[in-house]
Each structure stands twice: as structure tokens, then as C-alpha cells.
Trainee: 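Below are the C-alpha cells for one structure; questions will follow.
Not measured: the values here are computed from a predicted model. Note on naming: letters A, B, ... go to the chains in the order of the sequence lines (proteins, then strands), and numbering restarts at 1 for each one.
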Amino acid sequence: MAETATQEFLHNLHELPHTVKDACFRLGKTPESEREESQATFHNLFLHIHSVRVHLRTLKPTLTFGLGLMATASFVITLITGVLLMVYYKPSTDLAYQSIKDIHFTVSTGRFIRNIHRWSAQLMVLTVLLHMARVFFTASYKKPREFNWLVGLGLLVITLALSFTGYLLPWDQLAYWAITIGSNIANSPRELTDAIGMTKLFDPGGLQKRLLLGANYVGQDALIRFYVLHVFILPLALVTMLGVHFWRIRKDGGLAKPEDPPGGLAEWGGEKRLVFQPLATKTYGLMALVKGKRPPVNRGPENTVMSWPHLFWAELSVFMVTVAGTLVLSFYSDAPLKELANPAIPENPAKAPWYFLGIQELVSYSAFTGGLLIPVIVVVGLALIPFLDRRPGGEGTWFGTSRERSIFWQSLFFAVAVTVGMLAFTVNHGWLRNWFPNIHQLWIIAINPGSLLVLIFAAWSLFTLKRNDSVRLAAVSLFTCFLVGFTLLTYFATVHRGPNWHFYWWPSQWPVH
Amino acid sequence: MSRLDPPPLNRRSFLSLASLGSFFAALGTAAAGMLRLPNPAVLPGPVRRFKLGPPEQFSAGSETPFAEQNLVLFRDDEGFYAISSTCTHLGCTVARSKDGFACPCHGSRFDSKGSVIGGPAPRPLPWLEVSRAANGELIVNADNEVPEGTRYRV
Ligand code: HEM
Ligand code: FES
């Protein structure tokens with residue numbers, strides 16, 4: 001085709017929309033065959049973390065309830081809104097409070113964006129906790145997923161740390177006192193080292209507090225440290241570990257699921273499925289190089305569907321539901337902003353955000369035991385689960401092995417009774433210090449309502465282990481106790497603790513001051 | 001010997017192992033060194049020696065809260081003493097109550113001499129050192145604890 005450069009140029013200009021589109025979307029059209037659907041998946045950076053086909057069971061909403069995805073979605077929302085907030089926020093003790101006020105009251109859409117950031121952060125904590133519970137009760141942590149359970153725990157810790165560091169940034173009364181308390185919890189090993197008189201020699205508490213605050217009081221150094229953690233280090237760590245988390249899901253063969261029955265899921269979901277015909281001539285395989293089963297020869301119906309579009313529709317809807325929920329909440333409910341931080345007088349009561357209130361209740365028995373020891377025991381205990389419960393069985397099914405459901409209910413009632421009893425006793429009768437004013441602090445560190453709860457729960461789990469002769473059931477009972485304890489303590493501290501941390505039936509009965 | 005059998009440890013693999021080891025040792029040292037940075041060598045902080053005024057200003061039997069300084073100054077027949085109002089539990093500021101001091105954060109209670117009578121506080125409220133400046137004003141040094149019962153006589 002003989003054409004002048006001018007013609008060529010005009011032609012290219014005319015074709016511009018098409019050529020740009022083709023360059024961006026290599027397939028260039030909605031995929032029509034399974035081949036094109038797989039290309040759509042693995043030719044796209046963001047989609048290629050998915051496998052090309054997904055198993056039908058993992059698409060069933062009641063397996064995961066989309067909780068991990070909701071956590072991911074709310075994280076993405078916090079990331080975007082967080083960057084927007086950074087445009088105006090100033091991490092200085094003189095300016096921080098005013099800049100949040102500006103965002104809230106003068107910046108256009110500022111209040112809405114701030115609300116969204118708050119709400120999605122809370123939603124993220126909630127969904128991460130629920131996601132962990134679903135992974136546990138579907139026994140999805142078992143071999144080969146032990147490592148991903150650990151990565152998940154790391155994500156949980158980072159999520160909580162993100163919330164905590166974000167809490168300081170407004171530099172209002174809530175922020176200031178929450179961080180004062182938090183940094184003193186970091187300091188609380190001193191309670192122990194003081195009690196045995198070795199703080200001068202070895203002071204891990206003081207070191208932790210210094211690292212956190214950069215000073216021995218909550219001021220500018222603390223604010224800048226929390227800011228750097230909140231907007232850079234922790235999000236980066238979370239994104240990195242999330243990458244590992246997703247990668248491992250792929251490498252562990254997708255979500256945990258039970259073995260398909262020999263006949264396959266021929267009628268699963270009310271649809272008849274294609275049955276693979278064995279190929280008599282097949283004499284070779286890649287088995288020496290590739291782990292896993294032979295190609296699906298002789299294995300009944302095909303139980304997977306294309307990720308495009310089935311999985312992607314599902315994911316998209318979870319994302320949209322999460323966004324919609326956050327928007328509605330943020331429209332109707334404003335994020336709190338108290339008065340400017342006042343180092344002279346705390347709020348009364350000075351309450352942490354809801355997900356830390358269980359810990360605050362424990363801390364009101366002993367700072368070291370409730371604030372550090374028990375949380376560490378819980379995290380270590382959770383981390384050990386997949387390594388202590390190693391017998392395969394029940395993967396990818398809610399309460400999959402026999403008697404799990406009944407152990408769950410038994411443990412639920414047991415833990416509710418014990419926790420409520422313990423709280424009622426403490427409220428009515430006080431604790432060691434009220435009875436023996438001069439008692440040595442070591443006794444209170446060792447024996448308090450929190451440590452007793454942990455011991456009783458552990459004993460109950462050992463009892464389940466003996467009686468049912470099953471490690472999985474012992475784990476189920478312990479995990480249930482943990483969930484119940486966490487929920488009830490959180491509820492109790494939210495609703496029934498008022499000024500001076502006294503017990504009240506309802507917040508409406510708090511004395512006015 | 002088949003090609004797939006692991007070779008015995010020869011000089012080359014010994015050297016690679018050794019260099020790998022030194023790589024990780026260097027990495028570890030570097031990481032430890034970097035972690036020293038966030039540990040402040042000097043703790044910045046305001047001076048916590050407060051001038052509270054001339055002694056005549058406080059009558060015997062009086063009790064004066066200093067909110068900003070987080071302490072309460074007492075004067076009884078034996079002299080002056082100052083009690084810190086920072087809770088020894090987790091650092092909230094205690095408020096005066098009927099029987100002494102009460103903490104809003106986790107319910108620690110102290111009697112009017114600062115001893116713990118309830119709640120999670122591990123130690124009594126500290127008594128602070130009282131002295132006088134050259135111009136005769138009372139000074140409380142909030143960084144210096146003194147034993148309970150110590151009085152400053154003017
Ligand atoms: C920031 C927090 C987290 C995010 C965003 C996240 C995200 C996800 C997603 C999207 C999945 C796919 C399946 C699903 O939706 O359930 C998943 C699976 C998984 N998660 Fe998480 N997760 C987080 C924290 C955790 C925690 C706290 C644990 C447990 C301690 C955990 C353990 C697992 C395991 C073992 C799987 C594989 C489950 C299976 O094979 O069925 N994750 N995660
Ligand atoms: S800070 Fe006073 S009781 Fe916790």
C-alpha cells in the first residue's frame with residue numbers, strides 16, 4: 001500500500017481509539033470461549049493471581065461468606081480514603097487537631113471521606129476476626145495451609161496495629177488517653193520486674209515504651225512515630241503479607257475443600273456436568289515433575305468452572321456490598337472527634353475503640369497480665385493450632401468432623417456461664433486487693449479474673465481432649481471459649497462500664513458531671 | 001553414583017555455604033544496628049520542677065490540686081507534702097473522691113495518703129520531693145519520689 005506519510009499519519013490518528021484500546025486490553029472483546037476466558041484471566045496482572053478455573057464448592061457463598069474478600073475490600077477503601085486524608089492532615093501536636101477539624105467541617109466531602117475511613121477500618125477489624133473464625137471452623141488451616149494460617153495471624157496483628165496507630169492521629173482527648181494507656185501497657189512488664197525488684201537490671205517494659213513514644217511522655221515524638229507507622233510501615237507490611245497470603249492460597253491448591261465423592265458432583269447445584277471420558281491411549285504424564293494428582297482422567301464429572309466470569313462476578317459483588325455498606329454507615333453516622341487533647345484530665349470513662357475494650361476490661365484486673373500476657377498467650381495459642389491439630393479431616397466443611405457441632409455448643413454454653421459468672425463475681429465482690437489491701441503485687445499479676453478465665457478455658461479444652469480423644473475437638477472447644485470470652489468481655493466493657501470503670505446496667509444511668 | 005544423588009560437601013559448596021553464612025551475619029548485624037536508631041539516646045521532655053508559690057499561700061490543713069502539673073499539694077501540722085495524681089496503673093489522672101483518689105480509666109482507688117485500696121494499680125501514688133527556691137517559693141520536683149510520710153517543714 002503506497003501512501004504518503006501524511007496519509008499514514010491521518011490513518012493512524014483515525015484508528016487511534018482502537019489501537020489504544022487494543023494495546024490496553026489484549027483480548028479486545030468479551031471472551032466467548034473457555035480459551036479466551038482463561039486468557040482474560042492470566043493476561044491481566046490483577047486477575048492472574050486467580051486460577052483459571054475454580055472449584056464449585058469454593059464458589060458456594062456459605063463456605064467463606066466472602067469474609068476474607070470483605071476484609072480485602074475494606075482495606076482497599078481505607079487505603080484510598082487514607083491517602084485523601086493525608087492531603088490535609090498535619091502530624092504535629094499543634095496542628096493535628098485543627099487539621100482534623102478542618103477536614104471534618106470545612107474541606108468539601110472531608111467529613112464523608114473521614115467517616116468512610118473510620119467505618120471501613122472498623123469493618124476490616126470485624127471481618128478479619130470473623131474470617132479467622134470461619135477458617136477455623138471449616139478446618140481450613142490443616143496441611144498444607146499451616147503457613148497461611150500464620151500469615152493470616154500476622155495480618156490480624158497488623159490490622160489491629162493499624163487501628164491503634166490511627167487512633168492517636170486526631171490528637172483529641174480519646175486519642176491522647178488511649179495512647180497514654182497503650183504505651184503504659186507496653187511499659188507494664190515493669191509491674192513484674194518491679195514486683196521482683198529487677199527493673200534496674202532488666203527493663204523490657206521501659207524499652208518498649210521508649211521505642212513507641214520516643215520520649216517518656218506522649219508528645220510530638222510519639223505522634224510522628226505513630227504517623228509513620230500508620231501511613232507507611234504498617235500498610236506496606238500489610239500489602240506485602242497480603243500478597244503472600246493470596247499467593248499461598250493458589251499454591252495450596254485453592255481454598256480447602258473436601259475430597260469429591262467418587263462419582264463427582266454430577267448433579268451439584270441442580271446442573272448436570274460433563275463427565276471426562278478416560279483416554280485409553282494415555283501413557284505419559286508430567287507426574288515426575290509436577291506435584292499433585294494425574295490429569296482428571298477417570299475421575300467423574302468436572303467440578304470446576306471458569307473463574308471468568310463466575311468467580312469474578314462473586315468477587316465484584318462482595319466488593320460492591322462492602323462499599324455500599326460503608327457508604328451507608330458513613331452517611332448516617334459521623335466519626336467522633338472529642339475536645340483537644342488535655343494532658344491534665346482524662347475522659348471519664350476513657351474507653352478504647354470497641355475491639356480493644358475486651359483487653360481494657362482485662363487490664364482493669366492487671367496491666368501486665370491483661371494487656372500483654374494474655375494477648376500474647378492468645379496469639380501464640382492461635383499460632384500453634386495447625387501444628388497441634390494435624391490429623392486430616394473436615395477441611396472445607398463447617399464443623400466437618402463428627403461431634404464438632406455438639407462440642408461447639410457445649411463449649412459455647414460453658415464459656416458463657418464461666419465468663420458471666422466471673423464478671424458477676426468481680427463486680428459484686430471485688431478482687432484480692434479489696435480483701436487484702438497489703439497483698440503482694442505478684443499475687444494479683446498471677447491470680448486475677450483474666451488469668452483464671454484463661455486457665456479454666458485451657459482446663460476445659462484438656463477435658464474435651466481426654467473425653468473425646470480428639471485434638472480437633474479440643475481445639476474447637478478452646479477456640480469457641482476464646483471467641484465467647486472476647487465477645488462477652490467486649491460487650492461488657494462497652495455497655496456495662498461507666499465512669500470510674502464502675503458497673504452500670506445502662507449508659508443512661510451514668511452520673512452526669 | 002547417579003547424577004541425581006547429592007554430591008558430598010566439597011570445597012566449593014563449603015565456600016558457598018560460608019559466604020552465604022557471612023551474608024546473613026552481615027544482614028543481621030545491619031538490621032540490629034538500624035534498630036538502634038529509634039531507641040532515643042536522650043529523652044526529650046519538659047522540666048518537671050514546678051514553682052507553686054510562697055508557702056504562706058497555703059494554710060495548714062489545706063489541699064491544693066495543680067491540674068497541669070498533675071499533683072496535689074498538701075499542708076498539715078507537720079509540713080508540706082505533694083502527691084502525684086498520675087495513676088500508677090496506666091497513667092491516667094486520678095480525681096479527688098470521698099475516700100481519697102479515684103481513677104477514671106480502670107477504677108483504681110487510693111486513700112488520701114495515696115495507698116492503693118482497690119483496683120489494678122500496682123503501687124501507691126508517689127510522694128514528690130518538695131523544696132524551696134532561692135526566692136522562697138515552694139518547688140515540687142515531679143521526677144523525684146520520696147518515701148511516703150516525708151514532710152517539708154518551712
Ligand atoms: C488483613 C487480613 C486478612 C485478609 C485481607 C485476608 C484475606 C483472605 C482471602 C481473600 C482469602 C480467600 C478465602 C476467603 O475469602 O475466605 C483468605 C483465605 C485464608 N485466610 Fe485470610 N485474610 C486475612 C487474615 C487472616 C487471618 C487472621 C487468618 C487466620 C489466622 C487467615 C487465614 C487464612 C487461611 C488459612 C486461608 C485459606 C483458607 C482456605 O483454604 O479455605 N487470614 N484470606
Ligand atoms: S490508669 Fe488508673 S486505673 Fe488504669
Trainee: Do you know which of A:Asn448, A:Leu213, A:Asn434, A:Val363 has the most heavy-atom pairs with chain B at a distance under 4.5 angstrom?
Mentor: A:Val363
Trainee: Please look at A:Arg497 and chain B and tell me whether the side chain, the backbone, both or neither of the residue comes under 4.5 angstrom of a heavy atom of that chain.
Mentor: neither
Trainee: Pair B:Leu90, A:Gln360 - check side chain to side chain contact (heavy atoms under 4.5 Å, CB included), show working.
Mentor: CA-CA 11 Å; B:Leu90 293 174; A:Gln360 191 168 355; over 6 Å; no
Trainee: What part of B:Ala95 is in contact with chain A, defined as an atom under 4.5 angstrom from a non-hydrogen atom: side chain, backbone, both or neither?
Mentor: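 Neither part; nothing is under 4.5 Å.
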Trainee: Where on B:Asn39 is there a heavy atom nearer than 4.5 Å to chain A: the side chain, the backbone, both, or neither?
Mentor: both
Trainee: Kindly say whether A:Ala344 contributes a backbone atom to a donor-acceptor pair with the side chain of B:Thr93 at under 3.5 angstrom?
Mentor: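 Such a contact is found between B:Thr93 side chain and A:Ala344 backbone.
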Trainee: Donor-acceptor check, side chain of A:Arg433 to backbone of B:Ser108, threshold 3.5 angstrom: yes or no?
Mentor: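 Checking the backbone N and O of B:Ser108 against the side chain of A:Arg433, no donor-acceptor pair under 3.5 Å is found.
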Trainee: For A:Glu347, is it the side chain, the backbone, both, or neither that has a heavy atom closer than 4.5 Å to a heavy atom of chain B?
Mentor: backbone
Trainee: Measuring heavy-atom distances to chain B, does A:Ile444 have an atom under 4.5 Å in its side chain, in its backbone, in both, or in neither?
Mentor: neither
Trainee: Which residue out of A:Glu191, A:Lys351, A:Arg225 racks up the most heavy-atom pairs below 4.5 Å with chain B?
Mentor: A:Arg225
Trainee: With a 4.5 Å heavy-atom cut-off, do A:Ile181 and B:Cys105 have their side chains touching?
Mentor: yes
Trainee: Which atoms of A:Tyr365 are under 4.5 Å from chain B, going by heavy atoms: the side chain, the backbone, both sets, or neither?
Mentor: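 Looking at A:Tyr365, just its backbone touches chain B.
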Trainee: Side chain, backbone, both or neither: which part of B:Cys92 has a heavy atom under 4.5 Å from chain A?
Mentor: both
Trainee: Sort A:Leu207 into side chain, backbone, both or neither according to what part of it lies under 4.5 angstrom from a heavy atom of chain B.
Mentor: side chain
Trainee: Quick one: does B:His106's side chain have a donor or acceptor within less than 3.5 Å of a partner on A:Ala367's backbone?
Mentor: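 No.
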Trainee: Would you give the length of the straight line joining atom CH2 of A:Trp501 to atom NE2 of B:His89, rounded to the nearest 0.5 angstrom?
Mentor: 10.5 Å
Trainee: To the nearest 0.5 Å, what is the distance between CG (A:Asn184) and OG1 (B:Thr86)?
Mentor: 9.5 Å
Trainee: Using non-hydrogen atoms and a 4.5 Å limit, figure out which bit of A:Trp177 sits close to chain B: side chain, backbone, both or neither.
Mentor: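 Contact with chain B: side chain only.
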Trainee: Considering only heavy atoms, which portion of A:Asp194 lies under 4.5 Å from any heavy atom of chain B: side chain, backbone, both, or neither?
Mentor: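 Contact with chain B is through the side chain of A:Asp194 alone.
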